[in-house]
Amino acid sequence: MDLFEYMRNTHMEKESPLAARLRPTTLEEVAGQQHIIGKDKMLYRAIKADKLSSLIFYGPPGTGKTTLAKVIAHTTSAEFTQINATVAGKKDMEEVVEKAKDAQGMYGKKTILFIDEIHRFNKGQQDYLLPFVEDGTIILIGATTENPYFEVNGALLSRSAIFELKPLEPEEIKGLIRRALTDDEKGLGHYHAVIDEDALEFLADLSGGDARRALNAIELGVMTTQAGDDGAIRITLEVAQECIQKRAVRYDKTGDNHYDTTSAFIKSMRGSDPDAAVYYLAKMLYAGESVTFIARRIMICAAEDVGMADPNALNVAVSASLAVERVGMPESQIILSEAAVYVATAPKSNASCEAVFAATGEVKRSGNLPIPAHLQDAHYKGAAKLGHGTGYKYAHDYPNHYVKQQYLPYELTGTEFYKPSGNGYEQKVKEHMKRLRKEAGNEEEDK
């Protein structure tokens, strides 16, 4: 490195954001994640011993995925190369592989390739890496905010150890903020800034476990607040509130947290918990989720989980879906809340859902069974000669508009797909069908 390059790098480091300047270089400096880098943990021992295999770090932003990769870069004897999947292409990977082959063949050195946001690579790009991970040419470290089981090639997953990083605890965030304010070399110590305890609590809470968000906020506060008469910059609660205008919600509309939240929303409605249902509804709306997407989930839940126990639930859900398309936000949140609460508090039955699944299973097993002749279409010339429609009993000509006759294929006589529960309106359905059959001379009891 020449003098010009050294001065350029030094200047860039000083001008880097606080979160980048404070990034740890040793495991002991890393905040949180003791469940994977505690001294008794396998990853800690592997890093210390410089005996790494391919790894994938998975977790929300600001939890230390890149930090751990940088720590490995500072501790390993292997060549360390970093690329970002948002801008890198196959050519970049080819260059890394060629250099890795040279390092291995000429110097016996391994190469660690760190790919940030590895989920951004398409299947072809991920497939390209596979043989070189397989033969040890490169040791892969991938970082992703998305669930790797959804986004990363299964073959790469099988050759990698997966570590999930958790959001930092408030006390860990507080420690980072205090360090930032007192560190003269990498932090903001030379500004002589102090932070009120309530402001510290606020930033630790509102950062949502995201270290980068907390450090960006405190840096903004220090850099934009005038010093007092004593020469010190004071970060008050008011200053802290201006630095973080809105709580960070970990919710990516294309990521796994999206699916987790949606799943929790549906399961809360299914589980008859209106409070949880409204909470997850609010979380999705707060993060900017599409109101039409949410309305579709409510309609599905109304049909699948409420069903005939309260047929009006589907009417409410469909009406809500139509209404939010016409009204828009913020009023749509009221409409969606009403629909979600209705579905959550309605009696539940999945009998109609199970009925179609059971019938589908029978269709797959038994194939194209013949339809009874008396049910076949008789509205064309020559149908009678074929016996189609002959002997059909018109239900409205009989008492209670019901008559016993064979509707299922004869091979399935007596088969029951729909088995109404005793919940809500479905109890009335059950009693009604039983009464019809009894009055028509069918005395057999329902199961």
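Bear in mind that the values here come from a model prediction, so they are computed numbers and not experimental data.
By the 4.0 Å N-to-carboxylate-O rule, K419 lies too far from E354 to be salt-bridged with it. For the pair D127 and K123, the salt-bridge criterion is met [side-chain N within less than 4.0 Å of a carboxylate O]. At a threshold of 4.0 Å, the pair R365-E362 counts as salt-bridged, since one of the basic side-chain nitrogens sits closer than that to a carboxylate oxygen. Checked for salt-bridge contact, E289 and R297 miss the test: no charged N lies under 4.0 Å from a carboxylate O.
The side-chain contact (heavy atoms from CB on, under 4.5 Å) check on E98 picks up K101, with sequence neighbours excluded. For H74, the side-chain contact (heavy atoms from CB on, under 4.5 Å) criterion is met by T25, not counting sequence neighbours. With sequence neighbours excluded, no residue satisfies side chain to side chain donor-acceptor pair (under 3.5 Å) with D273. Every ring pair (Phe, Tyr, Trp, His ring centres under 6.0 Å) that Y128 has, sequence neighbours left out, goes to F132. Among residues two or more places apart in sequence or in another chain, the ring pair (Phe, Tyr, Trp, His ring centres under 6.0 Å) test is passed with H396 by Y394, H401.
Side-chain atoms of E146 never come within 3.5 Å of backbone atoms of E151 as a donor-acceptor pair (strictly under, hydrogens ignored). Judged by distance alone, with hydrogens and angles left aside, the side-chain atoms of S54 form a donor-acceptor pair with the main-chain N or O of L140 at under 3.5 Å. A distance-only check finds a donor-acceptor pair linking the side chain of K348 to the backbone of A344 [under 3.5 Å]. Judged by distance alone, with hydrogens and angles left aside, the side-chain atoms of D92 form a donor-acceptor pair with the main-chain N or O of G89 at under 3.5 Å. In this structure, the side chain of S160 does not engage the main chain of L157 through any donor-acceptor pair within 3.5 Å. A distance-only check finds no donor-acceptor pair linking the side chain of N400 to the backbone of Y402 [under 3.5 Å].
Within the structure, every pair that satisfies the side-chain hydrogen bond (donor to acceptor under 3.5 Å, both in side chains) test and touches residues 41-52, not counting sequence neighbours, is listed here: E28-Y44, E28-K48, D50-T76, D50-S77. Note on residues 161-173: pairs passing side-chain hydrogen bond (donor to acceptor under 3.5 Å, both in side chains), not counting sequence neighbours, are E171-K174. For residues 75-89, every residue pair satisfying the salt bridge (Lys or Arg N to Asp or Glu O under 4.0 Å) rule, not counting sequence neighbours, is listed here: E79-K109. Sequence neighbours left out, the pairs with a member in residues 111-121 that pass side-chain hydrogen bond (donor to acceptor under 3.5 Å, both in side chains) are H119-T144. For residues 263-284, no pair satisfies ring-ring contact (aromatic ring centres under 6.0 Å, His included), with sequence neighbours left out.
Counting heavy atoms from C-beta outward, N147 and Y259 have side chains that stay 4.5 Å or more apart. When side chains are defined from C-beta on, D310 counts as touching Y342, because their heavy atoms get closer than 4.5 Å. Residues Q406 and L408 form a side-chain contact, since some pair of their non-hydrogen atoms from C-beta on lies under 4.5 Å apart. Between L113 and V97, every side-chain heavy-atom pair lies at or beyond the 4.5 Å cut-off. With contacts defined as side-chain heavy-atom distances shorter than 4.5 Å, the pair P370/E411 qualifies.
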Let me check something: any side-chain donor-acceptor pairs from residues 328-337 under 3.5 Å, sequence neighbours excluded? List them with distances.
residue	atom	partner	partner atom	Å
S332	OG	G328	N	3.3
S332	OG	G328	O	2.9
Q333	NE2	P330	O	3.0

Under 3.5 Å, which donor-acceptor pairs do the side chains of residues 313-327 form with other protein atoms, sequence neighbours left out?
residue	atom	partner	partner atom	Å
N315	ND2	N312	OD1	3.3
S319	OG	N315	O	2.9
R326	NH1	L322	O	3.0

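The neighbour count for E238 CD, taken as heavy atoms of other residues, nucleotides or ligands under 6.0 Å away, does not exceed 12. Counting heavy-atom neighbours within 6.0 Å of D397 CG, excluding the residue itself, gives a total above 12. Environment of OH in Y407: crowded, with over 12 heavy atoms of neighbouring residues, nucleotides or ligands closer than 6.0 Å.
Considering all non-hydrogen atoms of both residues, K430 and P420 come closest at CD-O, 3.8 Å.
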